Amino acid sequence: MARTLNRPASHKRRRGPVPALAAGATALALAGTGLALFAGGANAAAGNLVANGGFDGSLGGWTCTGSASAVTTPVHSGSGALQATPGAADTAECTQTISVLPNTSYTLSAWVQGPYVYLGARGTGGTDPSSWSNQNSWNQLSSTFTTGASARSVTVYLHGWYGQSAYLADDVVLSGPGGTSTPSPTATPTVTPTPTPTATATPTATTTPTATATPTPTATATPTQTATPTPTATSTGNPTTGLPKHVVTGYWHNFDNKGNNLQKLSDVQSAYDIIAVSFADSVASRPGAITFKLDAELSAGLGGYTDAQFRADVKAKQAAGKKVILSIGGQNGAISVNDAAAAQAFTDTAYAVIKDYGFDGIDIDLENGVNPTQMGNALHSLQSKVGSGFVLTMAPETIGMYSTAGAYFQLALNTKDILTVVNTQFYNSGGMNGCDGKVYTQGTIDFITSQVCTQIQGGLRPDQVGIGVPASSKAAGGGYVAPSVVNNALDCLATGKNCGSFVPPAKWPTIRGAMTWSTNWDSVNGNSFSNTVGPFVHQMP
């Protein structure tokens, strides 16, 4: 989401000394599976198992696809670095297979720069680590993982993303005890005729960021999910939240974006069933902790909108049957829940804010990464405190929900028992593979419906999946669709009618609804989204 000034990108914030990034890009900490970006220098650690991790003079030890070479400048340290340029149908992946021991902890790191640089390992026998960034200066990606009982080797990989410019990598380190078996030669990943639903294919959009192995973006590529989803036509969603069967969600700006209409909460259009107040703030001195207060510039811009008025507006919206929740994150919302202490801090502070302001729940919009285990634990603890009426929504960027191996998808599955809806941001994404393996371009009905298909095939119920789109072309860097396209996409998913070239393999009449960034941008656009999509969603059977 967005909280930047005069900047057409998704779910961003305006506050904080965070360098501006591309739309949907991750910023500071990448929390998924303990991933992080670090500052400062780094040298090859003692016990580094990676051969030629510095790419000094050659690509020896690595197998690369596409255009890749060892360069002498720029480098992070030593005399060389990897420079690889993705193509239209190639991510310029470099891999190395390394012997390891089973049931053993390892740390993987690399220094990288450039658009959409990915670092990870496959074949660990446990949770395969993955991380990514898109910074134009050297930054370190790092993760830890534990091998499974039968693991004897892992494949470390680096890659970029289709059609993007060159990326750089240096000082790749895998630290831990070496294995005793001889690893098989590194091979370029291939698509198998019959994939399983846990395949680790990963596209990248412009965000929640975690990625693993890369799918092949060709019209004949095999989908990364199972071919036959199980429709849940009889599901009515989670009735304990008090929400209707189909809902419209909108994000409300608790900040002055200097380019769109300021709103009091009472000004939010009546078509919105769930209003996500954007955003909570982190507490610098306590990892995982959040806080919230009415923004001073917003208050001034509205002629003195007070905290008391805001609280009264929350109650008034709830009295009108709406749910008002607090959104956690946005592009610059570096809230990281990476361990048990941070999870407890998140639970305690989020509960305190919910009780203080009377919010109905939480929206997770962490575009700096998520740790699916620790955040999942925190959300379950929070739900147990709040009770059965707890509303839990998520707004991951498209990359986070492309594969069940992604940390955001894992978080959604880990919290499926308490999850209300995932409204993926189907914008700022570029072209991506749908569940049928074909590549679809953002800003089209096929892109939306094929990505929803992936999520349902990956294990979410249809009533837990919604469509997330910008309310106007100014609200995002790309991917805007007319509200009529949103309605057609919902109709296609629910009834099989009004589809584009992609027709879902099943009908999902309980598809939850649609989300937009934001109610403010909708107002700028003449309320086109709420006036068009709202009535359509509310008449869906």
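Treat the numbers as computed from the prediction; the structure is a model and nothing was measured.
Side-chain contact between L59 and L82 is present, with heavy atoms from C-beta onward closer than 4.5 Å. Proximity of T107 to F145: side-chain heavy atoms (C-beta onward) are nowhere separated by under 4.5 Å. I290 is not listed as a side-chain neighbour of S282, based on a closest heavy-atom distance of 4.5 Å or more. Side-chain contact between V277 and I325: absent, with no pair of heavy atoms (C-beta onward) separated by less than 4.5 Å. Taking 4.5 Å as the limit, some side-chain heavy atom of I467 sits within range of a side-chain heavy atom of V452. E93 places none of its side-chain heavy atoms less than 4.5 Å from the side chain of T63. Under the 4.5 Å side-chain criterion, counting only non-hydrogen atoms from C-beta, V154 is not in contact with Y106. For the pair T393/I362, no side-chain contact is recorded, criterion being any heavy-atom separation below 4.5 Å from C-beta on.
With hydrogens and angles left out, the side-chain atoms of S109 and S142 include no donor and acceptor closer than 3.5 Å. For the 3.5 Å distance criterion, the side chains of T65 and D90 qualify, holding a donor opposite an acceptor. Residues H380 and D417 bring a donor and an acceptor atom of their side chains to less than 3.5 Å of each other. When only modelled atom types and interatomic distance are considered, D128 and T124 share a side-chain donor-acceptor pair under 3.5 Å. Of the N and O atoms on the side chains of D363 and Y251, at least one donor lies less than 3.5 Å from an acceptor on the other residue. At a cut-off of 3.5 Å, with distance as the only test, a side-chain donor of T97 or T155 sits close to an acceptor on the other residue. If you check the side chains of Q455 and T424, you find a donor sitting under 3.5 Å from an acceptor.
Atom CG of L382 and atom OG1 of T347 lie 6.0 Å apart (nearest 0.5 Å). In this structure, OH on Y440 lies 6.0 Å from CZ on F502, to the nearest 0.5 angstrom. The CD atom of Q83 sits 9.5 Å away from the OG1 atom of T73 when rounded to the nearest 0.5 Å. Separation of atoms CZ (F447) and OG1 (T441) is listed at 8.5 Å; rounding is to 0.5 Å. Interatomic distance, Q457 CD to D436 CG, rounded to the nearest 0.5 Å: 9.0 Å. Taking CG of D170 as the start and CD of Q113 as the end, the distance is 10.0 Å to the nearest 0.5 Å.
Across all non-hydrogen atoms, the minimal contact from A51 to Q96 is N-OE1, 2.7 Å. The shortest heavy-atom contact between L158 and V112 is CD2-CG1, 4.3 Å. Listed here is the closest heavy atom pair of L411 and T415: O-OG1, 2.8 Å. Taking all atoms of both residues into account, the shortest heavy-atom contact from A378 to A343 is CB-O, 3.6 Å. Across all their heavy atoms, N257 and F255 have their closest contact at OD1-CE1, 3.4 Å. Here the closest heavy-atom approach between residue M401 and residue T454 is recorded as O-CG2, 4.2 Å.
Ring-plane geometry between W517 and F279 is classed as parallel, the angle between the planes falling under 30 degrees on a 0 to 90 degree scale with a further cut at 60. Ring-plane geometry between W161 and H159 is classed as tilted, the angle between the planes lying from 30 to 60 degrees on a 0 to 90 degree scale.
Judged by distance alone, the side chain of T398 and the main-chain N or O of S429 form no donor-acceptor pair under 3.5 Å. Between the N254 side chain and the K293 main chain, a donor and an acceptor come within less than 3.5 Å of each other. A donor-acceptor pair is defined here as one N or O able to donate and one able to accept, closer than 3.5 Å; such a pair exists between the side chain of N52 and the backbone of G60. Counting only distance, with no hydrogens or angles, the side chain of S336 and the backbone of N338 share no donor-acceptor pair below 3.5 Å. Without hydrogens or angle criteria, K416 side chain to Q464 main chain gives no donor-acceptor distance under 3.5 Å. A distance-only check finds a donor-acceptor pair linking the side chain of D56 to the backbone of G80 [under 3.5 Å]. For N433 (side chain) and G437 (main-chain N/O), a donor-acceptor pair under 3.5 Å exists by modelled atom type. Side-chain N or O atoms of S450 include none that pairs as donor or acceptor with a backbone N or O of C435 at under 3.5 Å. Judged by distance alone, with hydrogens and angles left aside, the side-chain atoms of T85 form no donor-acceptor pair with the main-chain N or O of S165 at under 3.5 Å. A donor-acceptor contact shorter than 3.5 Å is absent between the side chain of S143 and the backbone of S130.
Other residues, nucleotides and ligands contribute only 12 or fewer heavy atoms inside 6.0 Å of the CG atom of N136.
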The test is side-chain contact (heavy atoms from CB on, under 4.5 Å); show your working for Y402 and Q451 and say whether it passes. CA-CA 7 Å; Y402 184 81; Q451 294 301 314; 3.7 Å; yes
Could you check V422 against L460 for side-chain contact (heavy atoms from CB on, under 4.5 Å), going step by step and ending with a plain yes or no? CA-CA 9 Å; V422 175; L460 293 178; 4.2 Å; yes
Evaluate side chain to side chain donor-acceptor pair (under 3.5 Å) for S133 paired with N139, printing each intermediate quantity in order. CA-CA 8 Å; S133 72; N139 60 96; 2.8 Å; yes
For a side-chain contact (heavy atoms from CB on, under 4.5 Å) check, start with the C-alpha distance between N423 and M394, then their side-chain angles and the critical distance, and finish with the verdict. CA-CA 6 Å; N423 294 302; M394 298 182 187; over 6 Å; no
Between V469 and Y480, does a side-chain contact (heavy atoms from CB on, under 4.5 Å) hold up when you go through it step by step? CA-CA 7 Å; V469 296; Y480 171 74; over 6 Å; no
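In this view, F292 and F310, Y357, F359 satisfy the ring pair (Phe, Tyr, Trp, His ring centres under 6.0 Å) rule, not counting sequence neighbours.
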